[in-house]
Asker: 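Can you keep this structure in mind? I'll have questions shortly.
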Amino acid sequence: MWHNIWIIASKPDNIPIVGMLVLVLFFGFLSFWLAFKNDRIRRAAAVRPKPESGKAKRDAVDVIDIMYPESEQGLPKKVSCWPHLVKLEFICAIAVMALLMFWSIPIDAPLEEPSDPTLTPNPSKAPWYFLGLQDMLVYFDPWIAGVLLPTFIIVGLMVIPYIDVNPKGNGYYTFAERPFAILTYWFGFFVLWVLEIVIGTFCRGPGWMFFWPGQEWDPHRVVAEVNINWNEFLANITGVTTLKTETAGLLLGIITILTYFGLGMLIPYLWLKKRSAPIIDQLGLIRYSVVGFFFWTMMALSIKIVLRLAFSIKYILVTPWFNI
Amino acid sequence: MLTEQKEKIKDIVTKSQVYKSIFRRGFGDTPRNRALAILGNVFLHLHPPYVMRHALKFTHSWCMGGITFLLFIVLCFTGVFLCFYYHPDKINAYRDMKYFEYDVPFGVVLRNMHRWAAHLMVITVWLHMTRVFMTGAYKPPREFNWAVGVILLVLTLLLSFTGYLLPDDQLGFWAVTVGTNMARATPLLGHEGPFGEQLGATAYNDIRFALLGGSVVGGNALLRAYVWHCVAMPVTAIIFLAVHFWRTRKDGGTAGPL
Ligand code: HEM
């Protein structure tokens with residue numbers, strides 16, 4: 001079993017994926033560690049009496065206090081770029097160049113057989129950084145996985161600064177002050193993007209079938225899989241056979257999607273209103289809807305994955321022109 | 001005696017018209033000279049003369065933006081040398097890879113460095129984005145720079161993707177085939193996408209055809225990938241990089257607690 005994992009992991013073109021996972025985990029833990037550390041210091045400082053004023057409690061602590069150890073706090077905030085920054089950049093550049101060169105001498109870039117349109121490899125895989133999207137092809141039609149989702153990712157990333165109205169946490173690591181933003185980011189980046197790449201690399205074998213790491217990639221494995229659509233699924237569990245018709249499928253699909261987004265927008269709204277959270281007024285209608293749309297679209301991906309894996313559901317909405 | 005002569009030579013050099021026309025500052029460690037070192041140099045003046053102390057911490061910025069930029073430079077540099085030997089046509093492309101392997105001096109290392117730096121750059125862009133997110137550095141006034149960054153992210157991925165095809169081996173060929181097959185399904189513009197057929201899209205006039213210069217990944221696709229990869233996209237990336245750095249400076253440098 002380890003042998004199989006090793007074969008896949010040490011293929012020259014898969015080395016970057018192993019490297020990526022290590023780097024993402026390292027820097028991910030680093031950023032959370034820094035965030036929690038800052039939060040801890042702030043909480044402690046919030047109850048520590050401020051020396052000069054003698055106030056027993058202060059809630060707003062200078063963030064700057066956090067950034068520097070005691071020994072550095074009296075020093076000027078600004079330093080000259082030459083040599084302080086330039087020196088660091090230089091050292092960093094040398095380290096990266098050394099790494100790259102030593103890496104490039106023993107480990108050869110992959111080069112396979114000459115291209116041959118008549119010889120389709122099984123599985124054929126996209127470049128590793130797009131494997132998450134390719135894996136989405138299992139759950140969505142190509143126009144969604146290959147066109148719509150990338151567009152949503154790009155637009156969704158771009159709107160982040162315009163929909164995140166929380167002024168806190170600007171310029172320093174913190175978790176306590178923006179938990180929703182950070183959790184959403186890591187769900188999208190790590191679970192949906194990075195882990196999907198890892199699955200696409202290590203778990204997708206011939207015919208894009210799922211294999212556990214270490215399992216033999218047997219191209220003749222038969223997967224008994226009968227996928228059904230959402231309306232058929234409902235018809236089966238309720239016993240109402242009229243739901244199986246095309247029109248019912250169309251209507252049911254539209255209703256399901258509208259209800260999903262409708263409730264997704266409404267429930268948090270009511271919940272926040274009830275707690276009279278100021279965020280509702282800060283966001284305004286447009287921002288709130290944009291947040292809701294992107295958030296619930298992202299969640300829909302994972303919901304669809306679960307529906308497929310648990311209940312073999314293929315499409316939620318079936319129309320003559322496209323299916324979702 | 002010797003030191004005296006050394007001093008004399010140093011004097012002659014540093015006081016010559018040629019030297020003074022190039023280097024316009026003295027060596028004294030004064031605040032003025034430190035600032036001039038940055039301001040008087042077109043490359044270094046991407047920096048402000050002074051930076052916030054926190055920006056120096058490795059744990060703050062991870063140096064990731066800088067590392068990404070360094071890798072971009074490495075890629076431009078090694079890329080130019082690869083271009084000296086590479087022919088973007090179906091007959092020569094794969095042979096040139098073998099040529100790198102067996103004939104071109106340092107050809108293997110050259111190609112390896114280009115390939116690994118490209119992969120690494122994809123990873124460091126993601127990490128840079130993650131650090132910017134985790135420090136909240138996209139918040140006002142840096143919203144626009146984040147958007148420019150997203151474009152750079154897309155360009156980085158597309159640069160890597162177009163380069164994938166160039167060796168013309170099975171790996172690149174099928175990866176690009178899988179990738180561009182998705183374009184068939186573009187709504188309205190692809191012949192297998194929603195409403196594509198109704199609008200008259202066929203395999204010979206849709207968006208995939210435009211990308212590949214044909215209905216299959218062939219010689220035309222190779223040429224197009226080459227031109228995108230070696231000319232159009234690097235130039236676009238450089239323009240956006242200029243905007244990115246400019247905005248980083250104008251928005252007050254690396255975001256920090258104020
Ligand atoms: C080719 C890719 C890129 C290069 C070469 C690059 C380079 C840099 C550099 C050198 C800095 C200075 C601070 C630092 O090193 O962290 C910076 C800052 C910044 N970058 Fe990028 N970047 C790239 C992509 C991106 C992406 C993908 C994003 C976000 C989606 C982004 C958003 C930002 C923002 C908002 C800042 C200001 C950060 C601050 O003030 O703390 N950049 N970039």
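If you're wondering where the values come from, they're calculated on a predicted model, not measured in any experiment. Chain A is the first sequence line, chain B the second, and so forth, proteins listed ahead of strands; every chain is numbered from 1. Note that these values count all heavy atoms, side chains included, but never hydrogens, waters or copies made by symmetry.
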Asker: Shortest non-hydrogen contact from Arg111(B) to Pro110(A)?
Answerer: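 Looking at all heavy atoms of both residues, the closest pair is NH2-O, 2.8 Å.
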Asker: Tell me every residue that passes side-chain hydrogen bond (donor to acceptor under 3.5 Å, both in side chains) with Ser115(A), counting only those two or more places apart in sequence or in another chain.
Answerer: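 Partners of Ser115(A) by the side-chain hydrogen bond (donor to acceptor under 3.5 Å, both in side chains) criterion, ordered by chain and then number, come out as Lys90(B), Asp168(B).
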Asker: Against chain B, label Val86(A) side chain, backbone, both or neither, depending on which of its atoms sit under 4.5 Å from a heavy atom there.
Answerer: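 Just the side chain, heavy atoms under 4.5 Å.
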Asker: Name the region of Tyr94(B), side chain, backbone, both or neither, that has any atom closer than 4.5 Å to a heavy atom of chain A.
Answerer: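 Tyr94(B) touches chain A through side-chain heavy atoms alone.
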Asker: Any luck finding a side-chain donor-acceptor pair between Thr130(B) and Tyr185(A) under 3.5 Å?
Answerer: yes
Asker: Given that the side chain runs from C-beta out, which part of Thr319(A) has a heavy atom under 4.5 Å from chain B: side chain, backbone, both or neither?
Answerer: neither
Asker: Is it the case that over 12 heavy atoms from other parts of the model lie below 6.0 angstrom from the CD atom of Glu101(B)?
Answerer: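 Atom CD in Glu101(B) is packed in, count exceeds 12.
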Asker: If I take atom CG from residue Asp169(B) and atom CH2 from residue Trp174(B), how far apart are they, to the nearest 0.5 angstrom?
Answerer: 12.5 Å
Asker: Check each atom of Leu157(B) against the heavy atoms of chain A and say whether the ones under 4.5 Å are side chain, backbone, both or neither.
Answerer: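 Contact with chain A: backbone and side chain both.
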Asker: Looking at Ile154(A), Leu148(A), Ile153(A), which has the largest count of heavy-atom pairs under 4.5 Å with chain B?
Answerer: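 Maximum pair count with chain B is reached by Ile154(A).
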Asker: Would you mind checking which part of Trp116(B) comes under 4.5 Å of any heavy atom in chain A, side chain (CB onward), backbone (N, CA, C, O), both or neither?
Answerer: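 The answer is both parts of Trp116(B).
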Asker: Enter the distance from Phe240(B):CZ to Ile151(B):CD1 here, rounded to the nearest 0.5 Å.
Answerer: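 Phe240(B) atom CZ to Ile151(B) atom CD1 measures 4.0 Å (nearest 0.5 Å).
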Asker: Does any heavy atom of chain B fall under 4.5 Å from the side chain of Lys125(A), the backbone, both, or neither of them?
Answerer: backbone
Asker: At a heavy-atom separation under 4.5 Å, does Met64(B) approach chain A through its side chain, its backbone, both, or neither?
Answerer: side chain
Asker: Against chain B, label Leu34(A) side chain, backbone, both or neither, depending on which of its atoms sit under 4.5 Å from a heavy atom there.
Answerer: side chain
Asker: Does any backbone or side-chain atom of Leu131(A) lie under 4.5 Å from a heavy atom of chain B? Answer side chain, backbone, both or neither.
Answerer: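 When you check distances to chain B, no heavy atom of Leu131(A) falls under 4.5 Å.
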Asker: Given a strict heavy-atom distance threshold of 4.5 Å, which part of Tyr129(A) is in contact with chain B: side chain, backbone, both, or neither?
Answerer: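 Both backbone and side chain.
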Asker: Within a 6.0 Å radius of atom CZ on Phe77(B), are there more than 12 heavy atoms belonging to other residues, nucleotides or ligands?
Answerer: no
Asker: With a 4.5 angstrom heavy-atom cut-off, is it the side chain or the backbone of Val51(B) that approaches chain A, or both, or neither?
Answerer: both
Asker: Look at atom CH2 of Trp208(A) and say whether more than 12 heavy atoms of other residues, nucleotides or ligands are closer to it than 6.0 Å.
Answerer: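 Counting neighbours around CH2 of Trp208(A), more than 12 heavy atoms of other residues, nucleotides or ligands fall under 6.0 Å, so yes.
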Asker: Please classify the contact of Ile144(A) with chain B as side chain, backbone, both or neither, using a heavy-atom distance under 4.5 Å.
Answerer: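 Neither; nothing under 4.5 Å.
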Asker: If I measure from the heavy atoms of chain A, does Leu56(B) come under 4.5 Å with its side chain, its backbone, both, or neither?
Answerer: both
Asker: At a 4.5 Å cut-off on heavy atoms, which part of Ala181(A) comes close to chain B: side chain, backbone, both, or neither?
Answerer: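 Both the backbone and the side chain of Ala181(A) come within 4.5 Å of chain B.
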Asker: Under a 4.5 Å heavy-atom cutoff, which of Asp108(A), Leu88(A), Ile182(A), Leu100(A) has the most pairs with chain B?
Answerer: Asp108(A)
Asker: Which bit of Leu70(B) comes within less than 4.5 Å of chain A, counting heavy atoms only: side chain, backbone, both or neither?
Answerer: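 When you check distances to chain A, only side chain atoms of Leu70(B) fall under 4.5 Å.
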Asker: Using heavy-atom distances under 4.5 Å, tell me whether Asp164(A) contacts chain B through its side chain, its backbone, both, or neither.
Answerer: side chain
Asker: With only heavy atoms counted, which part of Asn166(A) is less than 4.5 Å from chain B, the side chain, the backbone, both or neither?
Answerer: both
Asker: Between Phe27(A) and chain B, which part of the residue has a heavy atom less than 4.5 Å away: side chain, backbone, both or neither?
Answerer: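 Contact with chain B is through both the backbone and side chain of Phe27(A).
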Asker: Check whether any side-chain N or O of Gln134(A) sits under 3.5 Å from a backbone N or O of Val178(B) as a donor-acceptor pair, and report yes or no.
Answerer: no
Asker: For a 4.5 angstrom cut-off between non-hydrogen side-chain atoms, does Arg131(B) reach Leu127(B)?
Answerer: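 A side-chain contact under 4.5 Å is absent here.
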Asker: Heavy atom to heavy atom, less than 4.5 Å: which residues from residues 159-167 of chain B reach chain A?
Answerer: Ser160(B), Phe161(B), Tyr164(B), Pro167(B)
Asker: For Glu89(A), which atoms come within 4.5 Å of any heavy atom of chain B: side chain, backbone, both, or neither?
Answerer: side chain
Asker: Please flag which part of Leu30(A) lies under 4.5 Å from any non-hydrogen atom of chain B: side chain, backbone, both or neither.
Answerer: side chain
Asker: Give the member of Ser124(A), Gly169(A), Pro127(A) that has the highest number of heavy-atom pairs under 4.5 Å with chain B.
Answerer: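 Looking at each option in turn, the highest pair count goes to Pro127(A).
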Asker: Under 4.5 Å heavy-atom distance to chain B, tell me which part of Pro117(A) shows up: side chain, backbone, both or neither.
Answerer: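 For Pro117(A), the contact with chain B is made by backbone and side chain together.
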Asker: Quick one: is the NZ or CZ of Arg32(B) closer than 6.0 Å to the six-membered ring centre of Trp82(A), and within 45° of its axis?
Answerer: no
